[in-house]
Chemist: 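I'd like to ask you about the structure that follows.
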Protein chains: 2
Amino acid sequence: MDTAGAAANTTPVGPCARIPAGQSDFVREILDRVGDKWTLLVIATLQHGVRRYSDLQNTVPGISQRMLTLTLRQLVQDGLITRTAYAEVPPRVEYALTPLGISLLDIVGSLIDWASTHHDEIRDHRTRFGQATTKPTS
Amino acid sequence: MDTAGAAANTTPVGPCARIPAGQSDFVREILDRVGDKWTLLVIATLQHGVRRYSDLQNTVPGISQRMLTLTLRQLVQDGLITRTAYAEVPPRVEYALTPLGISLLDIVGSLIDWASTHHDEIRDHRTRFGQATTKPTS
DNA sequence: CTGGATCCTTGGAGATACTG
DNA sequence: CAGTATCTCCAAGGATCCAG
């Protein structure tokens, strides 16, 4: 790595990385949902196929009924998953990813790739975080 | 849309979208940081170039000193931004994205693209969220 | 100007109990 | 089985004051 860190960001980023600072409201909506602890885990479970309520509760170990219900409802509301309720006498409800949810999953995959790649780098910085402050050789 | 939503996810996702359900710990670390309300806004401001503390406080309107300081410290700690402190008598501190931070910004750009594309779709689902429950023609 | 330290409030998350 | 309703609790976030 060169010294481009602080100095060279006069040439900041690529063409698609521009974040409209004022318009990032709905972007944060998405990130809030994806960044939510349980949402990602539920989606991760759902990518394996159709799952029932109790299946999800088993697969995502730490989740409470409340959080599972809320998370699922939110995802359904956003059109990322579907909820299919069978009016049987042992009630059965199945959840599955919609195409929209799958496409989001695909995007998140890129982020996961990035996280995997730079995970060590970040942890490295985090351990010796004192040297991040640049002394401008005054 | 066809009925592929709930039924067809036996063929779930693309090749890169696999989320290792147990390993998503550090992925969530990253998402927590990126998904944080202020982090994204600070990064968005920083993409324009070097900024001072007070600049950031002005550009990100709602942020408090506390949150700005904490967010910046976290980002520095993760190696996403650099902190340059000039030991002058009106103290001056400049923050800038590191190459690592820029690369993250690039990835986030993809997510922003996705959000922009499917924003309407999500809002549409959100308004008439009652019909998301599939009736299996019992 | 750039923060550190402190108090205080609020909403989100867990646990529990109950219903269709 | 699949939720809903209610309570409590804690920690994130804002406001304020103080310091280098």
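The figures here come from the full heavy-atom set of this structure, side chains too, leaving out hydrogens, waters and symmetry mates. Letters A, B, ... mirror the listed sequences (proteins, then strands); counts begin at 1.
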Chemist: Does B:Arg92 have any side-chain hydrogen bond (donor to acceptor under 3.5 Å, both in side chains) partners at least two apart in sequence or in another chain, and if so, which?
Modeler: B:Glu88, B:Glu94
Chemist: Can you pull the salt bridge (charged side-chain N to carboxylate O under 4.0 Å, His left out) pairs that have at least one residue in residues 51-68 of chain B, sequence neighbours excluded?
Modeler: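 Matches after skipping sequence neighbours: none remain.
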Chemist: So, using side-chain hydrogen bond (donor to acceptor under 3.5 Å, both in side chains) as the criterion, who are the partners of A:Trp114 when residues are at least two apart?
Modeler: A:His118, B:Ser103
Chemist: What is the distance, rounded to the nearest whole Å, between atom CD of B:Glu88 and atom P of C:dC1?
Modeler: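 Rounding to the nearest Å, CD of B:Glu88 and P of C:dC1 are 13 Å apart.
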Chemist: Would a 4.5 Å heavy-atom cut-off, applied to side chains only, mark B:Ile122 and A:Ile30 as touching?
Modeler: yes
Chemist: With B:Asp32, which residues qualify under side-chain hydrogen bond (donor to acceptor under 3.5 Å, both in side chains), at least two apart?
Modeler: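 By the side-chain hydrogen bond (donor to acceptor under 3.5 Å, both in side chains) rule, B:Asp32 matches B:Arg28.
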Chemist: Provide the start and end nucleotides, 5' to 3', of the part of DNA chain D that has atoms under 4.0 Å from heavy atoms of chain B.
Modeler: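 For DNA chain D, the relevant span reads D:dG13 to D:dG20.
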Chemist: Could you list the residues that satisfy side-chain contact (heavy atoms from CB on, under 4.5 Å) with A:Thr117, not counting sequence neighbours?
Modeler: none
Chemist: Show which side-chain atoms of residues 69-76 of chain B pair as donor or acceptor with protein atoms under 3.5 Å away, not counting sequence neighbours.
Modeler:
{"from": "B:Thr69", "atom 1": "OG1", "to": "B:Tyr53", "atom 2": "OH", "distance (Å)": "2.9"}
{"from": "B:Thr69", "atom 1": "OG1", "to": "B:Gln65", "atom 2": "O", "distance (Å)": "2.9"}
{"from": "B:Thr71", "atom 1": "OG1", "to": "B:Met67", "atom 2": "O", "distance (Å)": "2.7"}

Chemist: For C:dT2, does OP1 or OP2 lie under 4.0 Å from any side-chain N or O of B:Arg92?
Modeler: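 It does not, given that no N or O in the side chain of B:Arg92 lies less than 4.0 Å from OP1 or OP2 of C:dT2.
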Chemist: Would you tell me if any nitrogen or oxygen in the side chain of B:Thr69 comes within less than 4.0 Å of OP1 or OP2 on C:dT2?
Modeler: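 No.
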Chemist: Among residues at least two apart in sequence or on other chains, which ones pass side-chain contact (heavy atoms from CB on, under 4.5 Å) with B:Val93?
Modeler: B:Arg83, B:Ala85, B:Tyr95
Chemist: Between protein and nucleotides 6-20 of chain C, map the contacts as a letter string: B base, S sugar-phosphate only, - none, heavy atoms under 4.0 Å, written 5' to 3'.
Modeler: B------BBB-B--B
